[in-house]
Amino acid sequence: MLKITSITGVLSLLLIAMMTAQAAADSVRIGDVIIEAPWARASIGTSRPAAAYLSIRNEGDEPVTLTQVSTPVSKMAEIHESTMSDGIARMGPAGDVVIRAGSEVVLKPGGLHIMMMKLKQPLKKGEKFNMTLTFKEIEAVDVVLPILGVGASGPNK
Ligand SMILES: [Cu+2]
């Protein structure tokens, strides 16, 4: 049994509890599927598309398929894939993304990403917005994405 003998002890425990809640707030678990480290880059105005990233971990025994993404901040959102061919970076719709049993799919700059087109508002650093991920096999998942700086490469960097 843990014994707390000082105010400092109580305060540091509280602080740890708050930090844990903060860290957990960004990941969402639904059954065997965990959405982790969602984030988006700040946008330059609304005329150009913005990108968002996250990881999807499937701890279950069956594959899950991400079929659609939507967010109130843009009229259209799509899962995109970046590819390099002949030294030229291209991107386009990735279609359905299958997360095999026991595996993880990581959306990150230069790879798979969520493209938000026709932004209704600029994405400002420090703010957050919602996104709904629709899957074929499980119910839809709502995630909250913090907006990082224009040059950010991830929430932990
Ligand atoms: Cu894209």
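Read the numbers this way: they start at 1 and go in the same order the structure lists the ligands and their atoms. Values below: all heavy atoms of this structure, side chains included; hydrogens, waters and symmetry mates excluded.
- Within a 6.0 Å sphere centred on CZ of R100, other residues, nucleotides and ligands contribute 12 heavy atoms or fewer.
- The aromatic rings of H113 and H80 stand perpendicular to each other, their planes meeting at an angle above 60°, with 30° marking the opposite boundary.
- Shown here are the salt bridge (Lys or Arg N to Asp or Glu O under 4.0 Å) partners of R57, two or more places apart in sequence or in another chain: E36, E59.
- In this structure, N130 has no side chain to side chain donor-acceptor pair (under 3.5 Å) partners at least two apart in sequence or on a different chain.
- A distance of 4.0 Å separates CZ in F129 from CE in M116, rounded to the nearest 0.5 Å.
- Qualifying side-chain contact (heavy atoms from CB on, under 4.5 Å) partners for D96, counting only residues two or more places apart in sequence or in other chains: T65, T67, K136.
- Here the Cu ion (ligand 1) has protein N, O or S atoms under 2.8 Å from it, and they come to 4.
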